[in-house]
Number of protein chains: 2
Amino acid sequence: MRIGELADRAGTTTRTLRYYEQLGLLPARRAGNGYRAYDEEDLRLLRQIRTLQDFGFGLEETRPFVECLQAGHPEGDSCPASLEVYRRKLAELDECITRLQDVRAQVAGQFDRAVRARDGLAAEPSGQAPHCELANERAKE
Amino acid sequence: MRIGELADRAGTTTRTLRYYEQLGLLPARRAGNGYRAYDEEDLRLLRQIRTLQDFGFGLEETRPFVECLQAGHPEGDSCPASLEVYRRKLAELDECITRLQDVRAQVAGQFDRAVRARDGLAAEPSGQAPHCELANERAKE
DNA sequence: GCTGGCGTTGACGTCGGCGTCAAGGTCTAC
DNA sequence: GTAGACCTTGACGCCGACGTCAACGCCAGC
C-alpha cells in the first residue's frame with residue numbers, strides 16, 4: 001500500500017503521514033522506486049494514533065502506544081508506559097475541567113453583576129477582580 | 001509614566017505593551033523624546049485586559065471591554081458588546097467542559113479496560129474505539 | 001565625557017500539527 | 001510518446017502571544 005491509499009483509508013493526508021515518519025512515529029519501508037510502502041499493521045498503528053489524538057493526546061503522548069503495538073502486543077495500551085500516559089492524562093483532564101468550571105463560575109458572576117448594574121440595581125461595587133488562573137494555563141509562577 | 005513602570009505595575013513586560021499597542025488595543029501617547037507616555041487610566045485598561053486574559057479570553061475578545069472603558073463607562077462590561085462576549089464565552093466554556101467530561105469518561109473507560117486485560121481478566125474485546133471529538137477541537141467536519 | 005539604565009524600531013524564534021507550493025521523478029493508460 | 005495521476009524532498013506559512021536579540025537614541029549622575 002502506498003502513502004495515498006493509507007491516508008485515504010485512515011481519513012488523513014499524505015502530509016500528515018510524512019510528518020509522522022519525520023517524527024519517527026510511523027516509519028515506512030521503501031519500495032524499489034523510493035515510494036513509501038505500508039501494510040495493514042501500519043494502518044492499525046495509524047488508527048491508534050488518530051484515536052488518541054481525537055482524545056486530545058499530543059503526538060508524543062501517542063508514542064508509547066505505537067511502540068507497544070510495534071513490539072507485538074495485542075493492544076496499544078497493553079504496556080505499562082501506555083497506562084502511565086492514561087493516568088497522567090486523566091489527572092490532566094481533571095485539573096483542566098476543574099479550572100474551567102472555576103472560570104465559568106467567575107465569568108458567570110461577572111456577567112450577572114454587569115447585567116444587574118445595567119438594570120440600575122447598583123449591587124456591591126464588585127470588590128476586587130476574581131484573578132483566576134484559567135483555561136490555557138497562565139498558572140506558571 | 002513610561003513603559004517600564006507600567007509594565008512593572010501591571011506585572012507584565014514592555015514587549016507585551018508594545019504588542020498591545022501594535023494591535024491598537026492599548027494606544028500610547030508620546031512624550032517629546034518619543035517615549036511612550038501612560039497614565040493611571042491606561043493601567044486600568046491594562047488590568048482589564050489581563051483579568052480577562054486570565055479567564056482565557058483572547059486579546060481580540062478583550063477589545064470591547066477596553067473600548068468600553070475608553071468610552072468613559074464605569075466598567076469594561078458596562079457595554080452591550082462586552083455582555084455579548086460574556087455570553088459567547090459562557091457558551092464556549094460550557095461546550096468545552098462538556099466535551100472534556102466526555103473525553104475523560106472515554107479515557108477512563110479505556111484505562112479500566114486495559115487494566116482489567118492486564119490482570120488477566122479478558123473482558124469484552126473492547127469492540128470498537130470510542131471515536132470522540134475531544135478537547136482541542138477536531139470536530140470540524 | 002562616559003557609563004549605565006532607560007527607551008526606540010525591526011525582525012526573527014517559539015510551540016504543534018500540519019497546509020501548501022515548487023520542482024522534480026515514476027508509473028500506467030492511451 | 002505523452003498526459004496525468006501518483007510519488008519524492010525541501011522549504012515556507014499559519015495561528016497567538018509574546019521572548020529575545022540587534023543596533024541604535026536619550027538622559028542622569030559621576
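Below, read A as the first sequence line, B as the second, and so on, with proteins coming before strands; counting in each chain starts at 1. Small disclaimer: the values here were computed from a predicted structure and weren't measured.
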Item to complete: Decide salt bridge (charged side-chain N to carboxylate O under 4.0 Å, His left out) for A:E40 and A:R9; before the verdict, give the C-alpha distance in whole Å, the side-chain angles of both, and the deciding distance to 0.1 Å.
Response: CA-CA 10 Å; A:E40 296 297 323; A:R9 291 181 61 183; 3.0 Å; yes
Worksheet item: Among all residues two or more places apart in sequence or in another chain, which pass the salt bridge (charged side-chain N to carboxylate O under 4.0 Å, His left out) test with A:D39?
Response: A:R29
Worksheet item: Choosing from D:dC18, C:dG19, C:dG16, which nucleotide comes nearest the side chain of B:T16?
Response: D:dC18
Worksheet item: Does A:F57 have A:K89 sitting over its ring (NZ/CZ under 6.0 Å from centre, angle to axis within 45°)?
Response: yes
Practice prompt. Would you tell me if any nitrogen or oxygen in the side chain of A:Q53 comes within less than 4.0 Å of OP1 or OP2 on C:dC18?
Written response: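 Affirmative; the distance criterion is met.
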Item to complete: Report yes if a side-chain nitrogen or oxygen of A:T13 is closer than 4.0 Å to either non-bridging phosphate oxygen (OP1 or OP2) of C:dC18; otherwise report no.
Response: no
Distance in angstrom units between [X] [atom1] and [N] [atom2], rounded:
X     : N      : atom1 : atom2 : value
B:L6  : C:dC6  : CG    : C1'   : 15 Å
A:L52 : C:dG16 : CG    : P     : 17 Å
B:F57 : D:dG16 : CZ    : P     : 17 Å
A:Y19 : C:dG19 : OH    : C1'   : 13 Å
B:L46 : D:dA17 : CG    : C1'   : 14 Å
B:M1  : C:dC6  : CE    : P     : 16 Å
B:L23 : D:dG16 : CG    : P     : 10 Å

Discussion item. Could you check whether any side-chain heavy atom of B:R18 comes within less than 4.5 Å of a side-chain heavy atom of B:T14, counting everything from C-beta outward?
Written reply: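 In contact.
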Discussion item. Please evaluate residues A:R113 and B:D77 with respect to the criterion salt bridge (charged side-chain N to carboxylate O under 4.0 Å, His left out), reporting the C-alpha separation (whole Å), side-chain torsions for both, the decisive distance (0.1 Å), and the verdict.
Written reply: CA-CA 9 Å; A:R113 183 197 45 67; B:D77 52 20; 2.5 Å; yes
Worksheet item: Reading nucleotides 5-11 of chain D 5' to 3', which nucleotides get B (base under 4.0 Å from a protein heavy atom), which S (sugar-phosphate only), which -?
Response: -BSBB-B
Practice prompt. For B:A31, enumerate each residue passing the side-chain contact (heavy atoms from CB on, under 4.5 Å) test, keeping only those at least two apart in sequence or located in another chain.
Written response: B:N33, B:Y35
